[in-house]
Amino acid sequence: MSIPRSEHPRPQSIRDDWLCLNGAWDFADDPGDSGEQRGLVGTDLPDRIVVPFCRESQLSGLERVDRCLAVWYGRELEIPAAWAGKRVLLHVGAADYEATVWLGDRELARHRGGHVPFTVELTPHLQPGASGRLTIRCRDDWRWQVPRGKQSARYENYGCLYTRTTGIWQTVWLEAVPESSIGRPRITPQLGAGALLVETRIDRPQPDQRLRALVSDAKGEVVTAEAAVDLDLGACLWLAIPEERRRLWSPQDPHLYDLQLELLDGQGGVVDRLQSYAGLRSVAIRGDRFLLNGEPVFQRLVLDQGYYPDGILTAPDDDALRRDIELAQAVGFNGARMHQKIFEERFCYHADRLGYLLWGELPDWNQGLPAAQDREERYNFSYVHEWQQVLERDHSHPSIIGWCPLNETTSKRLDLGEMLWPVTRCLVDAARASDRSRPVIDSSGWTHLIADADIYDVHDYEQDPAVLRERYAELPSLIGRTFCQQGARKIWQLPYQGQPFFVSEFGGTSLAGSAEEGWGYGEAASDEAAFHQRFAALVGVFLDNPAVCGYCWTQLTDVFQEVNGIYGFDRSAKVDLAPLKEAQQRRAAYEERG
């Protein structure tokens with residue numbers, strides 16, 4: 001059996017010594033979460049599963065879609081003898097939601113957060129050349145109020161909630177690192193200074209060590225820099241790109257520099273080395289202008305939920321990740337909202353290479369708020385803790401141009417509304433503390449609670465272009481207005497204050513016929529010609545509006561019973577794509593303003 005998803009899962013931090021652990025593992029469902037008491041730690045398990053695909057997926061070999069409180073994974077693990085003298089790290093790309101790791105009967109680590117990676121050091125417990133039994137338990141109680149995105153808490157799918165993902169759903173891999181090693185690099189472009197800022201921690205630094213960075217392009221070396229690493233907890237390098245070698249990253253020219261980091265000993269010998277890359281670009285807000293590299297850019301985005309018929313949240317192969325971006329670009333979109341999912345890192349990697357703009361968000365939807373005030377602390381921990389890990393994992397991708405922690409988060413109850421504000425404030429502050437280079441939307445849709453949010457956005461699924469055009473005709477004169485589709489429903493909402501105005505969900509139009517098997521927003525288009533006409537008219541409303549900085553069409557593909565995609569769930573085109581691309585090609589009035 002070939003190893004599924006065998007490509008390196010972390011393209012911005014690559015070492016030569018790594019080993020993919022995807023493939024067949026022992027497995028057991030644990031519906032009552034009693035496996036530890038029943039002695040499953042370190043023992044053979046009755047079933048087999050294909051990692052990294054979740055038990056609910058076809059590709060896992062199981063396709064078990066019923067709810068299950070916990071699942072167990074096991075395999076024999078042998079460390080390559082060639083790694084002698086190095087430390088061995090176990091990496092799990094993502095496991096939903098709470099994971100515990102054992103080697104033999106020794107518990108090594110626990111992790112909470114179903115969409116972000118974690119690492120466990122195996123060195124003290126399993127030396128190179130030796131083998132041992134690795135066990136991972138994943139607990140995922142569907143009743144927990146934790147980031148879960150669009151996963152259904154019922155047995156069945158319904159509305160815009162889909163099949164759950166339980167357990168491991170991203171690559172598991174081993175990595176060998178030296179005693180002193182380079183941490184994950186954090187790369188921030190500084191276009192105003194024409195430089196790249198590279199920050200990293202050095203794990204177990206030794207006296208007289210130095211960190212060296214080499215930036216190169218197709219012509220060869222661009223710039224190098226060094227810094228001592230034993231004077232500070234981490235290392236920081238300022239890499240000024242000579243003006244004649246500056247080439248900006250943009251959707252039109254997604255140029256990437258190669259970046260090599262080396263940890264040197266006192267005699268100049270290489271202790272550790274990793275390969276990365278970087279893009280030089282800037283994102284800025286000036287009044288109601290959203291600027292990329294100092295110029296206004298109109299965001300023609302599409303909503304991408306990242307679901308696959310056979311893999312659920314996990315792409316069947318690396319080509320599928322790249323292909324989804326190419327499908328969007330074929331219709332004229334220049335980016336996407338990565339909606340209610342932390343996408344695999346390789347999706348961001350392909351977006352970096354293809355010049356595809358991304359908004360990152362936390363999969364918070366469908367969870368509401370805790371049922372009582374005394375649960376606020378747990379809510380804050382689950383959301384803020386995982387959000388911080390998202391911000392750290394994806395910081396260095398030039399394709400990501402903004403953050404949005406919440407989506408359509410609202411409450412009818414006054415006490416819960418009072419709880420929502422501090423949670424939102426914490427998430428926005430966490431994003432800004434972690435990343436000063438990107439704007440932040442507080443809550444996408446209509447629950448704007450943070451007065452200093454960088455961008456104001458709305459969701460509007462009105463299907464009549466004339467009504468939509470009239471609604472947003474005079475945005476500058478509507479400063480102070482509250483945009484809300486919730487009617488009499490009591491929600492918390494701050495009015496528009498003149499920031500860049502972003503229609504971050506609209507469209508959602510389905511085709512008659514497909515709508516009989518599922519649903520879309522509003523009345524379905526009667527045929528392909530009607531779909532083309534409505535699409536052109538709806539996107540035209542915002543392309544013609546000089547005060548709107550971008551839109552996000554719902555959506556790229558059908559997802560189970562939600563059939564309002566431009567493509568089917570199998571990625572087949574539902575209509576002729578050429579008219580859709582043509583409708584988006586003209587220069588937006590927002591960009592014409594200069």
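The number of heavy atoms from other shown groups lying within 6.0 Å of CD (Gln329) is above 12. Within 6.0 Å of the CD atom in Gln585, the count of heavy atoms belonging to other residues, nucleotides or ligands exceeds 12. Sparse packing is recorded around CZ of Arg436, with 12 or fewer heavy atoms of other residues, nucleotides or ligands lying under 6.0 Å away. With a 6.0 Å radius and a threshold of 12 heavy atoms from other residues, nucleotides or ligands, Arg481 has its CZ atom above the threshold. More than 12 non-hydrogen atoms from other residues, nucleotides or ligands lie less than 6.0 angstrom from CD of Glu591. Heavy atoms from other residues, nucleotides or ligands lying under 6.0 Å from CD of Glu470 number 12 at most. By the neighbour-count criterion of 12 heavy atoms within 6.0 Å, atom CD of Glu156 is densely surrounded, having more than that number from other residues, nucleotides or ligands.
Under a cutoff of 6.0 Å and an axis angle of 45°, Arg571 and Phe569 do not form a cation-pi pair. Remark: Arg112 fails to qualify as a cation-pi partner of Phe118 under the 6.0 Å distance and 45° angle criteria applied to the six-membered ring. Both tests hold for Arg353 against Tyr349: distance to the six-membered ring centre under 6.0 Å, angle to the ring axis within 45°.
Here Glu562 contributes atom CD and Leu161 contributes atom CG; the two are 9.5 Å apart, rounded to the nearest 0.5 Å. Atoms CG and CH2, on Asp454 and Trp403 in that order, are 13.5 Å from each other to the nearest 0.5 Å. If you take CD on Gln340 and CD on Glu361, they are separated by 5.0 Å, rounding to the nearest 0.5 Å. Atom OG of Ser250 is separated from atom CG of Leu280 by 11.0 Å, given to the nearest 0.5 angstrom. Atom NZ of Lys150 and atom CG of Asn157 lie 11.5 Å apart (nearest 0.5 Å). The structure places CG of Leu357 at 4.5 Å from CD1 of Ile401, a figure rounded to the nearest 0.5 Å.
A salt bridge does not link Lys574 to Glu528: none of the charged nitrogens lies less than 4.0 Å from a carboxylate oxygen. Salt bridge Arg432/Asp429: absent, no basic N to carboxylate O contact under 4.0 Å. The pair Arg148-Asp96 fails the salt-bridge criterion, with no side-chain N (NZ, NE, NH1 or NH2) lying under 4.0 Å from an Asp/Glu carboxylate O. Using a 4.0 Å cut-off between a side-chain N of Lys or Arg and a carboxylate O of Asp or Glu, Arg281 and Asp352 do not qualify as a salt bridge.
Taking the six-membered ring for Trp and the full ring otherwise, Phe506 and Tyr461 have centroids separated by 6.0 Å or more. Between Tyr496 and Phe501, the gap from one ring centroid to the other is short of 6.0 Å.
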Test ring pair (Phe, Tyr, Trp, His ring centres under 6.0 Å) applied to Tyr383 and His385, step by step
CA-CA 6 Å; Tyr383 281 68; His385 174 67; over 10 Å; no
Please evaluate residues Gln190 and Trp238 with respect to the criterion side chain to side chain donor-acceptor pair (under 3.5 Å), reporting the C-alpha separation (whole Å), side-chain torsions for both, the decisive distance (0.1 Å), and the verdict.
CA-CA 10 Å; Gln190 299 287 322; Trp238 184 260; over 6 Å; no
Are Ile566 and Thr557 close enough, and set up right, to give a side-chain contact (heavy atoms from CB on, under 4.5 Å), and what steps lead you there?
CA-CA 6 Å; Ile566 290 173; Thr557 74; over 6 Å; no
From CA spacing to verdict: side-chain contact (heavy atoms from CB on, under 4.5 Å), Phe502, Tyr456
CA-CA 6 Å; Phe502 178 29; Tyr456 195 98; over 6 Å; no
Can you check ring pair (Phe, Tyr, Trp, His ring centres under 6.0 Å) on Tyr257 and Tyr277, steps first, answer last?
CA-CA 6 Å; Tyr257 292 97; Tyr277 66 84; over 10 Å; no
Apply the test side chain to side chain donor-acceptor pair (under 3.5 Å) to residues Gln305 and Gln555: give CA-CA distance (whole Å), side-chain angles for both, the deciding distance (0.1 Å), then the verdict.
CA-CA 8 Å; Gln305 304 201 64; Gln555 62 182 323; 2.7 Å; yes
Before you tell me yes or no, could you show the steps for Glu56 and Thr166 under side chain to side chain donor-acceptor pair (under 3.5 Å), namely the whole-Å CA-CA distance, both residues' side-chain angles and the distance that decides it to 0.1 Å?
CA-CA 7 Å; Glu56 291 84 356; Thr166 304; 2.6 Å; yes
Begin with the C-alpha distance, continue with both residues' side-chain angles, and end with the deciding distance and a verdict on side chain to side chain donor-acceptor pair (under 3.5 Å) for His350 and Glu344.
CA-CA 10 Å; His350 290 300; Glu344 300 172 54; over 6 Å; no
Should Arg337 and Asp304 be marked as a salt bridge (charged side-chain N to carboxylate O under 4.0 Å, His left out) after you check the CA-CA gap, both sets of side-chain angles, and the distance that decides it?
CA-CA 6 Å; Arg337 277 183 69 193; Asp304 188 348; over 6 Å; no
Could you go through the salt bridge (charged side-chain N to carboxylate O under 4.0 Å, His left out) check for Arg469 and Glu474 one step at a time?
CA-CA 10 Å; Arg469 188 177 295 273; Glu474 300 294 337; over 6 Å; no
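The shortest non-hydrogen separation linking Arg289 to Pro296 is NH2-CB, 3.5 Å. Annotation for Pro251 and Leu292: closest pair CD-CD2, 3.7 Å, computed over non-hydrogen atoms.
The closest side-chain heavy-atom distance from Leu256 to Pro398 is below 4.5 Å. Residues Val458 and Tyr472 have side chains in contact (heavy-atom distance under 4.5 Å, counting atoms from C-beta outward). Considering only heavy atoms from C-beta on, Tyr551 comes within 4.5 Å of Leu543 through its side chain. Looking at heavy atoms from C-beta onward, Trp553 lies in side-chain contact with Phe333 at the 4.5 angstrom threshold. Considering only heavy atoms from C-beta on, Asn564 stays 4.5 Å or farther from Thr509 through its side chain. By the 4.5 Å heavy-atom criterion applied to side chains, Gln497 and Gln499 are counted as neighbours. The side-chain heavy atoms of His339 and Asn407, taken from C-beta on, include a pair separated by under 4.5 Å. The side-chain heavy atoms of Leu511 and Phe531, taken from C-beta on, include a pair separated by under 4.5 Å.
Panel note: side chain Lys341, backbone Gly149; no donor-acceptor pair is recorded below 3.5 Å. A donor-acceptor pair is defined here as one N or O able to donate and one able to accept, closer than 3.5 Å; such a pair exists between the side chain of Asn334 and the backbone of Phe298. A donor-acceptor pair under 3.5 Å is formed between the side chain of Arg164 and the backbone N or O of Val65. Between the side chain of Glu386 and the backbone N or O of His115 there is at least one donor-acceptor pair closer than 3.5 Å.
Side-chain contact, His448 with Asp457: a donor N or O sits under 3.5 Å from an acceptor N or O. If you check the side chains of Glu582 and His532, you find no donor sitting under 3.5 Å from an acceptor. With 3.5 Å as the limit, one finds no donor-acceptor pair spanning the side chains of Ser443 and Thr424. Side chain to side chain, Asp324 and Tyr308 meet the donor-acceptor criterion of an N or O pair below 3.5 Å.
Just one residue in the list Arg10, Gln12, Arg184 forms a side-chain contact (heavy atoms from CB on, under 4.5 Å) with Ser276, and that residue is Gln12. Of the residues Ile441, Asp288, Val440, the one that meets the side-chain contact (heavy atoms from CB on, under 4.5 Å) test with Ile455 is Ile441.
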